[in-house]
Amino acid sequence: MHPPKDPNYIPRVTIRDAHELSAKLTGLVKYRTLKEILLQGQTDLDYYDFEIAQLKALIGDLEAKRSCLDAYLQDCRSLISPIQNLPPELLSEIFMLTCDPAGSNEFGSAYWVPSGKPRHRPAFQLSTVCSRWRQVALSTPGLWSKMNISFVHSWPSWIPSAIETCLQRSRQVPLALSLEGSIDNLLRDDWRTVLSSLAQQSHRWRSVSFNLAVKPSFRPNFIDLLSLHTFPLLHSLTISAAGQWVTLPEHSVFRETPDLRLLQLNSETAAKSWHWSQGVYNHHITSLTLQYTNLRDTIDILRRCPGLVSLKYTHRLHKAEHIALRDNLEAGTVLPVCLEDLSSLSIITPQDNVSSTITLLGSLLQLPALKSLTMEQISSYLFTDMSWMEAFCVFLRETSCSDSLTKLRFKSFCPGDGIDSMLSLVPNLKEFRFCSIRNADADWDGIIACLRLPPSGSSMDPPSTIFLPRLQHISLHIPHAASFDFDSFAEGIRSRRLPASEISVDRLCSVGLKLKRSHLKILEDTYRYDDLLDLEVGGLIFGLELYGE
């Protein structure tokens, strides 16, 4: 007999009736009566448990069917999703974006997950999503043509076959390779297999970065193993420093590079061992990076690369060389080099004798087409030499780049008295970035003075109040404890955004400030920078970045 179908369970014998029976009855009758009541309750409980189990089984079955239906609907929805309707050509271009700019397929990288697989291997990852993506990935050879290979001792056994797969699936597309590590054992079969496979494809090398440390006793065998001869497609080559080993000194293998345009030599040894005097195609180089070469060698190198458009030079200080070069310039035995097509120049110099280095470079270079100039100082925490601005004025005059210069960046310098006069020598400056270091003597008023315009109808002489009429972008890094007049700065920015002046100037498009958090005390009154935030409605891009505590 089942319990009654009632939403609220009512026992067959109430607890009050059970108490009354217990009080009236005695002995064996009492025991049998109460036992019967318990058996009836247990029967009802078992019935409810059975019903619940059946309902749970039904719910589980319904949930399984719902999951199947949901998966079915998702598959159906995917058929009408935008990505399913993309043409294979467009999907292939999206895949290629995963390899640009630093999305190479990594093999042997230091960034490994515990499973032994690399963190980033887009070609293999994309080809395992679905059959359509695999078909598109296999038909996109450029996806397999970019590889970053690190020669480390803990190589998994599958790496050589994976690299061979990339070489095969890339077909005849030019290769972009990055090779790094220490070659200290040429008897390893996996290393020899990979090096031989890459060497056989040297005719497809397009962009190559070497950061290989080859043990001196292995260098001849290493070059023989590579068996490199011609590089008809090589466009970009980077040779970096390699610590205690010497990095690929036999640069003669790169003589036949008719398409070489970008060359980075990131060590003095690499720069000196390059075939400057024997290279037939050095005059084709348009972008050059030199690190830690002395000035005399640098000037000789620049003479052999007359077509340079971009130069990045990290200077190593040689005081004796400075004196000798200055004497040779005065004697006329060393002549300046003219780079007529150079439009971008980046100079990194040590702190000691910064002014003399800048002045000497101005005497050695002629840069009539220079548009972008970056100067960075490898400095200590404090900087006391404020004569660099006078030296930079000499640099501008000597190199003949004042009128053509439109972008100017300083890093780890400190503004001082006269910086407004220095900036006045660059009348067409459009972008100005200044990253200062901590110095109590820093003077930011000169930069602020270059921003402020006289009001409309003012009798002030325009040339004495404005020096940067073409300025459109400005970014300043204000260090801790610097004296910076934010109100005057905001007023100058606002004067270039509102039609309050009769002087014809370009409108400022973007303004950036980087302040230490302790500068918040100068921003306590929100009205001080609300004016600049309000100008964002009119199109101004204003960024305020805080750092430190």
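Not measured: the values here are computed from a predicted model. We count residues from 1, following the sequence as given.
Between the side chain of S495 and the backbone N or O of G492 there is at least one donor-acceptor pair closer than 3.5 Å.
For C393, the side chain to side chain contact (heavy atoms under 4.5 Å, CB included) criterion is met by R397, M422, L425, not counting sequence neighbours. With sequence neighbours excluded, the residues satisfying ring pair (Phe, Tyr, Trp, His ring centres under 6.0 Å) with F95 are W133. V426 is linked by a side chain to side chain contact (heavy atoms under 4.5 Å, CB included) to L396, L405, L429, counting only residues two or more places apart in sequence or in another chain. Remark: T293 engages A271, L290, T298, Y313 in a side chain to side chain contact (heavy atoms under 4.5 Å, CB included) (not counting sequence neighbours). Legend: residues meeting side chain to side chain contact (heavy atoms under 4.5 Å, CB included) with H235, ordered by chain and number and at least two apart, are R206, D259, R261, L262.
Aromatic pair F410/W388: centroids less than 6.0 angstrom apart.
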Distance-only donor-acceptor hits, side chain of residues 359-370, under 3.5 Å, sequence neighbours excluded:
unit_1, atom_1, unit_2, atom_2, d
T359, OG1, S355, O, 2.9
S363, OG, T359, O, 3.2
Q366, OE1, S400, OG, 3.4
Q366, NE2, E398, O, 2.7

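R409 has no carboxylate O lying under 4.0 Å from a charged side-chain N of E376, or vice versa, which leaves the two without a salt bridge.
Side-chain contact, S240 with N266: a donor N or O sits under 3.5 Å from an acceptor N or O. Residues H473 and S510 have side chains that bring a donor and an acceptor to within less than 3.5 angstrom of each other. A donor-acceptor contact under 3.5 angstrom links the side chains of R204 and S170, judged on distance only.
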